[in-house]
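Comments concern the structure below.
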Amino acid sequence: MKQLDHIQKLAVLHCVFQTIASADGNVDEERDFEAISLALESVGLQSIHMWDAALKLDPHDCFYHISTMSTENKETFKNLINSVICMGGNEQLRRTCADHLLVLCRVDK
């Protein structure tokens, strides 16, 4: 997903945040460091400042930007979200949140 437009990269990061925060009530830097690092690396961004920038986006705009990605990138996005589900926190609730998010982003489960 490193070739995505910048706004799509930020949308991916925002959706990772939504998956974590919706299930766990917040993002804990220590618990979620691995997931955040994986998300940043997946989109080719190194700076934690990009994570902060992504959080300022409107969630519905992010869902739209994800929905406009290619089928291949949507599959990669889904795999990223599935990886984040298993990286700490309430895995069952993260799965539920991720499934709902994928529907909003028009990504096949």
[atom1] of [X] to [atom2] of [Y]: how many Å apart, nearest 0.5 Å?
| X | Y | atom1 | atom2 | result |
| --- | --- | --- | --- | --- |
| Leu10 | Cys62 | CG | SG | 8.0 Å |
| Thr19 | Asp99 | OG1 | CG | 9.5 Å |
| His14 | Asp61 | NE2 | CG | 9.5 Å |

- Query: Do Leu55 and Val84 belong to the same hydrophobic cluster, where Ile, Leu, Val, Met, Phe, Trp and Tyr are linked whenever their side-chain heavy atoms lie under 4.5 Å apart, directly or via other members?
  - Reply: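 Yes; tracing contacts between hydrophobic side chains, which count when under 4.5 Å, links both residues.
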Distance-only donor-acceptor pairs under 3.5 Å for side chains of residues 74-82, two or more places apart:
| unit_1 | atom_1 | unit_2 | atom_2 | d |
| --- | --- | --- | --- | --- |
| Lys74 | NZ | Ser67 | O | 3.1 |
| Lys74 | NZ | Arg106 | O | 3.2 |
| Glu75 | OE1 | Lys78 | NZ | 3.4 |
| Thr76 | OG1 | Glu72 | O | 3.1 |
| Lys78 | NZ | Asp108 | O | 3.2 |
| Asn79 | ND2 | Glu75 | O | 3.3 |
| Asn82 | OD1 | Arg95 | NH1 | 2.8 |
| Asn82 | OD1 | Arg95 | NH2 | 3.2 |
| Asn82 | ND2 | Lys78 | O | 3.3 |

Any [X] side-chain heavy atom under 4.5 Å of [Y] side chain:
| X | Y | answer |
| --- | --- | --- |
| Cys97 | Gln18 | no |
| Ile7 | Leu57 | yes |
| Ile20 | Met87 | no |

Which side-chain N or O atoms in residues 40-53 pair as donor and acceptor under 3.5 Å with protein atoms at least two apart or in another chain?
| unit_1 | atom_1 | unit_2 | atom_2 | d |
| --- | --- | --- | --- | --- |
| Ser42 | OG | Leu38 | O | 2.8 |
| Ser47 | OG | His49 | N | 3.0 |

- Name all pairs fulfilling the ring-ring contact (aromatic ring centres under 6.0 Å, His included) condition that reach into residues 52-72, sequence neighbours left out, sorted by first residue then second.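 Listed by first then second residue: His60-Phe63.
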With sequence neighbours left out, what residues match [X] under side chain to side chain donor-acceptor pair (under 3.5 Å)?
| X | result |
| --- | --- |
| Ser83 | none |
| Gln92 | none |
| Thr68 | Gln8 |

- Message: Just to verify, what does Asp24 make a salt bridge (charged side-chain N to carboxylate O under 4.0 Å, His left out) with, not counting sequence neighbours?
- Response: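 For Asp24 the salt bridge (charged side-chain N to carboxylate O under 4.0 Å, His left out) partners, ignoring immediate neighbours, are Arg31, Arg94.
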- Message: According to salt bridge (charged side-chain N to carboxylate O under 4.0 Å, His left out), does anything in residues 2-12 pair up with another residue at least two apart or in another chain? List the pairs.
- Response: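 Applying salt bridge (charged side-chain N to carboxylate O under 4.0 Å, His left out) to every pair that reaches into residues 2-12, excluding sequence neighbours, yields nothing.
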